[in-house]
Amino acid sequence: MIYRSPFRTWEALARVKMKSAHPGAWLKGGAGKWLPDDPWSVAAHPDLSETIRPQVSAALLLARLDFTVQLENACISRVARDIAGRALPGEYPEQMVIDALRVQCDEAYHALLALELSAHVERLAGVGRVRYEHHFLAQIERVQHAAGCADAMRIAFCAAVVAETVITKMLRDDWHDQEVQRDVRAFFMHHCRDEARHSAYFSQALRIVWPQWEPRTRSALQPLWRDLITWFVLPDAAVENAVLVAAGVGGSDAARIVNDCRLRACAASGRRVSVEATLLSLKRAGICEGGPDEPIPHAASAAARESMSETLS
Ligand SMILES: [Fe+2]
Ligand SMILES: [Fe+2]
């Protein structure tokens with residue numbers, strides 16, 4: 001496969017290149033929701049009292065920003081560094097190596113924006129920041145540990161492919177929610193603009209390195225795709241539970257609310273389609289031979305399937 005750099009406009013359009021001279025100068029304040037009222041969000045659950053709902057919403061935003069920082073540092077930047085150092089197994093062109101360094105620049109900047117926004121939200125909402133153990137990252141570590149060092153780098157690469165493919169759509173949806181506070185939307189917008197390039201980068205990288213890996217390695221990794229996508233797309237139950245308990249919700253009520261919302265997230269067509277559309281695109285690309293285990297919905301998912309196919313084509 002010929003690599004076509006998605007970074008041809010990077011010098012002019014990468015958010016890190018457009019950054020204001022003053023750290024935090026992009027933060028303007030103003031009213032608005034901390035996060036969209038997704039039906040699967042615990043902040044939108046009907047049993048939550050109106051007095052603690054904004055506090056829960058701010059804490060969920062802070063948890064998401066903490067996840068962004070950890071994801072960039074512990075996963076995406078490391079994988080980009082592996083490619084930049086030609087440590088990821090496989091042969092790939094010089095331009096892909098150069099672009100991996102650009103990904104590292106972008107991801108460090110996204111983590112910086114997330115930290116600046118976190119401090120701002122903490123001040124405005126009066127909710128303290130917590131460093132969480134996030135399910136997606138913990139599961140990757142668990143799988144890497146079980147597989148041993150020989151495959152750890154490949155597993156991290158697959159996780160990065162999933163994260164970088166799915167995150168763009170999630171950021172785009174949240175950026176366009178007019179009810180969300182403008183600094184939060186600005187963060188989603190900055191991040192989303194860069195991630196469109198990254199998702200094109202990682203989909204090409206996957207198509208270049210995957211066919212070069214031994215058949216035994218590819219077979220061992222195939223069952224991981226559905227798990228990685230599900231871990232990334234579904235809400236993090238442990239984090240949500242911790243947020244509710246910290247806001248004063250009793251332990252059994254918190255567990256029930258989290259469970260209700262998890263069922264709603266599993267049933268939500270957008271989330272389900274993200275999982276299945278990504279799997280279908282991987283199958284079409286010859287990466288994931290097994291494909292989705294369950295039937296893929298028809299009309300409702302067609303647009304999302306096409307958008308994922310474009311991402312991975
Ligand atoms: Fe990022
Ligand atoms: Fe990225």
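The first residue in the sequence is number 1, and the count goes up from there. One-based numbering, in listed order, for ligands and for the atoms of each. Because only heavy atoms are used, hydrogens play no part in the values below, and waters and symmetry mates are left out as well, while side chains stay in. The structure presented is a predicted model; accordingly, all values stated were derived computationally and were not measured.
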Would Arg78 and Asp82 pass as an ion pair if we require N to O under 4.0 Å? no
Per residue His198, nearest N, O or S atom to the Fe ion (ligand 2) is named ND1
Side chains of His198 and Glu107: closer than 4.5 Å at any heavy-atom pair? yes
I'd like the atom name of the N/O/S atom in Glu164 lying closest to the Fe ion (ligand 2). OE1
Among N, O or S atoms, Glu72 approaches the Fe ion (ligand 1) most closely through OE2
Indicate the atoms forming the closest heavy-atom contact of Asp174 with Arg64, along with that distance. OD2-NH1, 2.7 Å
Taking the Fe ion (ligand 1) as the vertex, measure the angle between atom OE2 in Glu195 and atom ND1 in His110; round to 10°. 100°
Of all the N, O or S atoms in Glu107, which has the shortest distance to the Fe ion (ligand 2)? OE2
Can you tell whether the side chains of Asp47 and Arg256 come within less than 4.0 Å, N to carboxylate O? yes
Inspect the surroundings of NE2 in His176 and state if more than 12 heavy atoms from other residues, nucleotides or ligands are less than 6.0 Å away. yes
